[in-house]
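Naming convention: chains lettered A, B, ... in sequence-line order (proteins, then strands); numbering from 1 in each chain.
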Amino acid sequence: MTLSHFQAMVLFAFIVSVVFAFLSRRRLRSRIRYVVLAFLAFLLVAFAMGWLMYPASH
Amino acid sequence: MPEETPDTGSRQAGTSPGPTMEVTSEPQAQSPVPEFPPQQVFAPPPEDGMGIGRAIFVAIVAWLVPGMGHLLQGRWGRAVIGFAAVGAMALAGLWMRGNVFPPQRDDAFGVLGFVADAGAGIFYLLAHTFQKAGPDVSHAAGDYGTRLLATAGVLNLLFVLDAIEISRGQKN
């Protein structure tokens, strides 16, 4: 099985978000909200860091 | 010879003995039981050996099989999520041919890698079963797999700590 860098990052972000939500929140609604926000934050930071480092690759 | 009484109220400094002191010391002599029960005044007693032993047992089982520590304590949701999350991430890392750090390493990063990988419990012990071809970090996918494996172990360690806190009554 081979995943691209982006796919591996999405897998990492989703699983870590779910685990943190279940360990730190009790109600289902707050857990879902935590998963969505943490997952989007992971993606946002990854894209931001990628674009910040983009000039260094050229 | 004067009679010695257990009442210490009449021996306080700066007070003069008299009828007033006798009146104030009477309720103490008549009601030796404290006003509040001891369990409300003092801290709860320290945990006995059975509680610590149970916590150690839960920690070992939770480390060995991700989610089992919560399952033993009736936390089905966290147990399922723990096993699924750790298992999915560890298997993805193994199938991507990530590096599995052995116990004996000379450098500090190797030791950290071993601790992180070993945190996955049974998925670390059975790593060679799932990864028959061995690790291959010459490609980028193998490097990603190494990180996923380490993350799986660290996540399981978080579940172990959570199970210990639940068994000791520090977390609901």
Side-chain angles (χ1 to χ4, degrees), chain A, chain B residues 62 66-67 69-70 75-98 119-120 123 130-133 136-166 170-172:
Chain A
M1 185 176 77
T2 301
L3 298 178
S4 67
H5 197 172
F6 178 73
Q7 290 169 334
M9 187 270 292
V10 169
L11 178 69
F12 170 90
F14 177 72
I15 292 179
V16 170
S17 301
V18 170
V19 169
F20 282 0
F22 270 77
L23 289 180
S24 62
R25 298 290 187 270
R26 286 189 55 85
R27 296 182 180 280
L28 179 63
R29 194 177 190 85
S30 60
R31 281 175 174 171
I32 293 174
R33 185 170 181 269
Y34 189 98
V35 169
V36 172
L37 291 179
F39 181 70
L40 291 178
F42 269 121
L43 294 187
L44 180 67
V45 170
F47 274 107
M49 293 297 294
W51 278 108
L52 279 176
M53 291 187 293
Y54 179 73
S57 63
H58 293 279
Chain B
H70 289 86
R75 268 67 174 184
W76 288 84
R78 291 187 191 184
V80 171
I81 289 296
F83 186 82
V86 175
M89 196 165 273
L91 290 180
L94 290 172
W95 284 334
M96 292 170 71
R97 302 184 69 180
F123 292 103
F130 297 113
Q131 195 184 57
K132 295 184 182 300
D136 180 16
V137 292
S138 62
H139 299 88
D143 204 19
Y144 307 153
T146 303
R147 311 296 173 240
L148 292 180
L149 268 174
T151 307
V154 173
L155 289 182
N156 191 35
L157 293 180
L158 286 178
F159 275 103
V160 169
L161 292 176
D162 189 66
I164 292 173
E165 287 184 340
I166 292 174
Q170 298 171 347
K171 190 174 183 181
N172 193 359

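When every heavy atom of B:Met89 is checked against every heavy atom of A:Val16, the shortest pair comes out as CE-CG2, 4.4 Å. Heavy atoms only, all atoms of each residue included: A:Leu3 and B:Ala141 are closest at O-CB, 4.4 Å.
For B:Phe130, the CZ atom sits in a packed shell: over 12 heavy atoms of surrounding residues, nucleotides or ligands are nearer than 6.0 Å. The local environment of CZ in A:Phe20 is sparse, with at most 12 non-hydrogen atoms from other residues, nucleotides or ligands closer than 6.0 Å.
Of the candidates A:His5, A:Met9, A:Gln7, A:His5 is the only one forming a side chain to side chain contact (heavy atoms under 4.5 Å, CB included) with B:Tyr144.
Neither the backbone nor the side chain of A:Phe14 comes within less than 4.5 Å of any heavy atom of chain B. Contact annotation for B:Ala140: neither backbone nor side-chain heavy atoms come within less than 4.5 Å of a heavy atom of chain A.
Contacts of residues 23-30 of chain A with chain B at a heavy-atom distance below 4.5 Å involve A:Leu23, A:Arg25, A:Arg26, listed in sequence order. Contacts between residues 149-159 of chain B and chain A, counted as heavy-atom pairs separated by less than 4.5 Å, involve B:Thr151, B:Leu155, B:Leu158, B:Phe159.
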